[in-house]
Amino acid sequence: MSAQYPLVLVDASGYLFRAYHAAPKLINSHGEPTGAVIGVLQMLQKLLDDYQPDYLGIVFDAGGKNFRHALFPAYKAQRPPLPNDLRAQFAPLRAAIEAQGWPLIIVPDVEADDVIGTLATQAAAAGIATLIVSGDKDMAQLVGDQVHLLDTMKNRLLDAAGVTETFGVPPERIADYLALRGDSSDNISGVSGCGEKTALEWLRKYGDLNGVIAHAHAIPRKVGENLRAALPQLPLLRQLTTIQCDVALNRCPTDLRPTAPNVAALRAVFERLESRHLLKRLVLLNLDLLAPAAPPPPRIAYDLILTPEQFETWLARLTAAELFAIDTETTGLDVMTAELVGVSFAVAPKQAAYIPLAHRYFDAPAQLNRATVLAQLQPLLEDPNRAKVGQNLKFDFNILARYGITLRGIAHDTLLTSYVLDSTATSHGMDALAKKYLDYATIHFEDVAGKGAKQITFDQVTVETAGQYAAEDADITLRLQQTLWPRVQAIPALARLYRELELPLIPVLARMERTGVKIDSHSLAQHSHELAQRLAALELNAHETAGRSFNLASPKQIGMILFEELGLPVVRKTPKGEPSTAEDVLEQLAAEHPLPRLILDHRSLAKLKSTYTDALPKLVNASSGRLHTSYHQAVTATGRLSSSDPNLQNIPIRTEDGRRIRRAFIAAPGFQLVSADYSQIELRIMAHLSGDERLLAAFGSGLDVHRATAAEILQLPLESVTTEQRRAAKAINFGLMYGMSAFGLAQQIGCNKRDAAEYMERYFERYVGVKEFMERIRQEARANGYVETLFGRRLHLIEINHSNQSRRAAAERMAINAPMQGTAADIIKRAMLAVNQWIESEQPPVQMLLQVHDELVFEIANDAVTTASAHIRIAMETAAELTVPLVVDIGHGNNWDEAH
DNA sequence: CTGCCGACGTAC
DNA sequence: GACGTACGTCGGCAGT
């Protein structure tokens, strides 16, 4: 199939000018202007996508003088000099066009118009349909049967009829027309007093320029006089406005076939331009070709293991190695369903191999049998004395577990090494670590498998490509370990934290993930149904109240109704400057109008439905019949775990509907759910870290700490503290741990700022140790650039000395919070290890299912609940020795709500 | 249609 | 500007 226009000729100088004025004035990080180049490249790309020509000419003006200047010294004389920031963009544009393989034409002393005219004429003679792309109206004269014009200014495609319609004259009269009316952009004046209208009228009356000249004597009034005065000039003007179609060129249209792009060169140009858009497209179009920018990567020759002999050799190497890296490749990221596709190993830098086991694509080579290979590897993988390193081994652990292998001898995990070194790093992913610590550009997963809709599963990747990728992963993991571990070792507390807490936690978390939790999908479905009805009723009511229909889930539309149509006051704005419709704002507005309350109710129910009652049943694993979360050990800045897919750390609890969702988390028949949660652990840690006498005393004597705080601040006896007073004290206690200000406290407890400030003052008078502790933490953060937990985990605070007040204040709040939140995280991790130790040694009918920051949830056989609970309590309460007791509340029941 | 971001809301 | 740590859903928008 041939393109509609086999030849496309682009007036590139015009494109560049247009882009320069239309596109944003971008500047890259080197201070170079880039907007016009990027704009032109995007327009060209779009054009070629649209027309897909066989031949292509990107034509630039050569600059310098041409025949028109010789005829008419004033030609284009009024043009201001090129702005420097436009001039600077010619070179990168040329480089990009050449790298694209697009034929670029610049003829010395010839204007782009004449080059285009000549090529179009030659093409027409050869029967090749041509599209001229230009915003210059001169070009209209070239239009004919075979030649059409894409007017980039108006984005219209013009044939001869279109030209007549647009300009009022056919293509062959365009030059006459321009000669008469002039062309200010070229400094051609034409006939004084003769504009568009007059020129068209004359041409209509007398046919062409010669006709006008012949009848010049008959034209009345001043304009007639002007015409007669200009008569000697008109042939010259006609020459200037006529495009030359016979200039000497060293190329003909059929020479203009685009060639293959030079991807590396293109990438270099695009990177310099810092255009994510262009780079992204380049990546998409060149998945296989894409290599990092200069210098080209020296790819290492890794082993691809396809025969038993090769495997034997590598098995011996692994057995002999003091430490080896392992990495599994699978069909997906869900450890409950992903299939093992291959496994890679590294025994020393650059010495790595990939064993493809289950690649399935047309023509895939015969591979070693997965079961056989795994059986041979099993003794090695399960031997605790054979040291292994990996990147996020919890994943590999879970995958191997599904094939009956218990990975032991986990000596290192580079994900966790990176995390303990700097929990605030933007990424602990292998690609980022390789770049950061080894200055090595890894092959990315997207490079081999694509992404988005085009993504394929790893078993579809060719074994050769997969081998390069997978073996490199093992190689880099090993090298990262060699670089990272000494850095951790240099800080003994971090080394302990890593070896004694984080690494041993891997199999514990892996087990919890694979165990999952039983869900009563039926009750959730029933709940969803009810919620749908209540939501519909609220929606109807809200629309009636508002007087029109709108999307209750759209803060933007809500804002329109509340603040524009109903004229309610804007309480607060979002960081982006839009009126906020957040919960506390609507709560205030509810006093003035019934609609905000309806929105609030709708929001809370919609949240429960979409996030929980609808979503959770869909995520139940088909084979286990249970819900499996993923725990992330290297995400939070403070050392907490996080949970996703689904997040089981934010299951509702506060409202009745929320608790009903918790009731859908159930125990298997014959079992109970047991929930054990630390009572006030962060406040206890604050007491311990601060050594504050009164706080220590309150916890030491087992008082209700919030009540005690209220009594202290208000100087009341404990028993006369009201519920309201206790609530305020609780808000202070929590607020303190978050570094809250008087303003924040006032907002929280609904009092004025002065009262809040007075409460806080009174608090710090009574709890002097806490006040001193907070100041000490700020000092420590400023001096060290980090703060520590009780166990030496560090949180780096690079903005603690920031010049911007609010940035610095934010860092100070993190400094205050992190030691408490982080110590609590350390303690519950220690408890999890202790409980796991007990489970492994005693083999009680107990499974640890969930961790929710200060709570552990277990599934325990009915008759073991009491004794197991006692063991769990001891393990948790003795997980750390503080100057206050750690207290654990334990409950049990058929579901998670009852267990509380 | 896909991907990204901001707003919002759930938990501790 | 103002309360720390997370994750998921939605709307809206840009780009495909």
Side-chain angles (χ1 to χ4, degrees), chain A residues 42 45-46 49 276-277 280-281 284 423-424 451-455 550-559 572-586 599-600 603-612 614-616 619 629-632 635-655 657-658 661-662 677-678 680-682 731-732 734-748 753 756-757 795 804-822 824-825 828 850-855:
Chain A
Q42 288 182 354
Q45 193 65 68
K46 166 97 166 62
D49 286 347
R276 271 180 57 218
H277 179 272
K280 196 168 141 193
R281 186 185 158 100
L284 286 176
S423 64
T424 64
K451 58 177 174 178
K454 294 190 190 103
Q455 194 173 86
F550 64 100
N551 185 348
L552 271 158
S554 164
K556 194 175 167 164
Q557 293 183 35
I558 289 174
R572 175 155 49 84
K573 291 195 171 177
T574 67
K576 238 183 117 195
E578 303 293 326
S580 169
T581 68
E583 201 236 19
D584 58 314
V585 172
L586 296 188
I599 296 169
L600 282 169
R603 272 213 190 133
S604 66
L605 296 190
K607 177 78 176 178
L608 295 181
K609 182 169 186 290
S610 66
T611 311
Y612 305 104
D614 285 352
L616 295 179
L619 298 169
T629 185
S630 294
Y631 286 107
H632 307 285
V635 168
T636 73
T638 55
R640 274 187 178 180
L641 298 178
S642 78
S643 155
S644 73
D645 310 290
N647 181 359
L648 294 187
Q649 291 181 322
N650 71 346
I651 301 303
I653 192 169
R654 289 174 194 172
T655 63
D657 277 298
I661 292 169
R662 284 208 171 209
D677 67 280
Y678 282 108
Q680 309 292 358
I681 188 166
E682 292 189 12
I732 293 179
F734 277 102
L736 280 169
M737 292 191 297
Y738 299 150
M740 187 162 68
S741 65
F743 176 90
L745 180 63
Q747 287 244 309
Q748 179 67 33
K753 192 178 145 186
L795 171 69
N804 179 313
Q805 151 74 25
S806 74
R807 302 278 281 271
R808 195 170 60 245
E812 284 180 5
R813 291 194 295 274
M814 290 180 217
I816 285 168
N817 177 255
M820 292 177 270
Q821 192 183 112
I828 197 168
L850 303 174
Q851 191 255 40
V852 194
H853 310 309
D854 66 356
E855 174 188 12

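Reminder, nothing fancy here: chain letters follow the sequence lines and each chain counts from 1. All values reported here derive from a predicted model rather than from experimental measurement.
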For dA2(C), take OP1 and OP2 only and decide whether either is under 4.0 Å from a side-chain N or O of K753(A). no

With rounding to whole Å, what would you report as the distance between dA2(C) and dC8(B) at their P atoms? 14 Å

In whole angstroms, how far is the P atom of dA11(B) from the CD1 atom of I828(A)? 18 Å

Nearest of dG12(C), dT5(C), dA2(C) to any side-chain atom of A637(A)? dT5(C)

Length of the line joining Q851(A):CD and dA6(C):C1', which is rounded to integer Å: 12 Å

Contact between D614(A) and Y612(A) at the side-chain level, heavy atoms closer than 4.5 Å - yes or no? no

Whole-Å gap separating P (dA2(C)) and CD (Q747(A)): 11 Å

Report the distance from atom CD of E682(A) to atom P of dA11(B), rounded to the nearest whole Å. 16 Å

Per atom distances to the S610(A) side chain, the nearest of dT5(C), dG11(C), dT9(C) is dT9(C)

Would you mind classifying the nucleic acid contact of M737(A) as base, sugar-phosphate or nothing, using non-hydrogen atoms under 4.0 angstrom? nothing

Of the listed nucleotides dC3(C), dT9(C), dG8(C), the one nearest the side chain of S741(A): dC3(C)

Polar atoms only, N or O, under 3.5 Å: list the protein pairs with nucleotides 7-10 of chain B and their distances.
from: dA7(B); atom 1: OP1; to: T574(A); atom 2: OG1; distance (Å): 2.8
from: dA7(B); atom 1: OP1; to: K576(A); atom 2: N; distance (Å): 3.3
from: dC8(B); atom 1: OP1; to: T581(A); atom 2: N; distance (Å): 2.8
from: dC8(B); atom 1: OP1; to: T581(A); atom 2: OG1; distance (Å): 2.9
from: dC8(B); atom 1: O3'; to: R603(A); atom 2: NH1; distance (Å): 3.1
from: dG9(B); atom 1: OP1; to: R603(A); atom 2: NH1; distance (Å): 2.7
from: dG9(B); atom 1: OP2; to: E583(A); atom 2: N; distance (Å): 2.9
from: dG9(B); atom 1: N3; to: K607(A); atom 2: NZ; distance (Å): 3.2
from: dT10(B); atom 1: O2; to: N650(A); atom 2: ND2; distance (Å): 2.8

When you look at R603(A) and T581(A), which way does the side-chain hydrogen bond (donor to acceptor under 3.5 Å, both in side chains) test go after all the steps? CA-CA 11 Å; R603(A) 272 213 190 133; T581(A) 68; 2.7 Å; yes

Between Q649(A) (CD) and dC7(C) (P), how many Å, whole number? 9 Å

Any heavy-atom pair between the side chains of H853(A) and Q851(A) that's under 4.5 Å? yes

Which of these nucleotides, dA11(B), dC3(C), dA6(C), is closest to any side-chain atom of S642(A)? dA6(C)

Any T636(A) side-chain heavy atom under 4.5 Å of L641(A) side chain: no

In whole Å, I'd like the distance from the NE2 atom of H853(A) to the P atom of dA6(C). 10 Å

How far, in whole Å, is dC3(C) from dC5(B) if one measures between their C1' atoms? 23 Å

Is there side-chain contact between Q42(A) and K46(A), with at least one heavy-atom pair below 4.5 Å? no

Base, sugar-phosphate, or nothing for R813(A), non-hydrogen atoms under 4.0 angstrom? sugar-phosphate

Taking side chain as C-beta onward, heavy atoms only, is Y738(A) less than 4.5 Å from M820(A)? no

Would you say that L745(A) contacts F734(A) through its side chain, given a criterion of any heavy-atom pair below 4.5 Å between the two side chains? no

Rounded to whole Å, the CD-P distance (Q455(A) to dC1(B)) equals 20 Å

With respect to the side chain of T636(A), which nucleotide from dA6(C), dG12(C), dA2(C) is positioned closest? dA6(C)

Start at the 5' end of DNA chain C and walk down; is the nucleotide closest to T611(A) or to N817(A) reached first? N817(A)

Residue pair T638(A) / S423(A), side-chain heavy-atom distance below 4.5 Å: no

Nearest-Å distance, CD1 (I816(A)) to C1' (dA2(C))? 14 Å

State the CG-OG1 distance between L795(A) and T424(A), to the nearest 0.5 angstrom. 6.5 Å

DNA chain C: stems of at least 3 consecutive Watson-Crick or G-U pairs, cut-off 3.5 Å? B:1-12 with C:4-15

Beyond-backbone contact of L608(A) with P652(A), side-chain heavy atoms, under 4.5 angstrom: yes

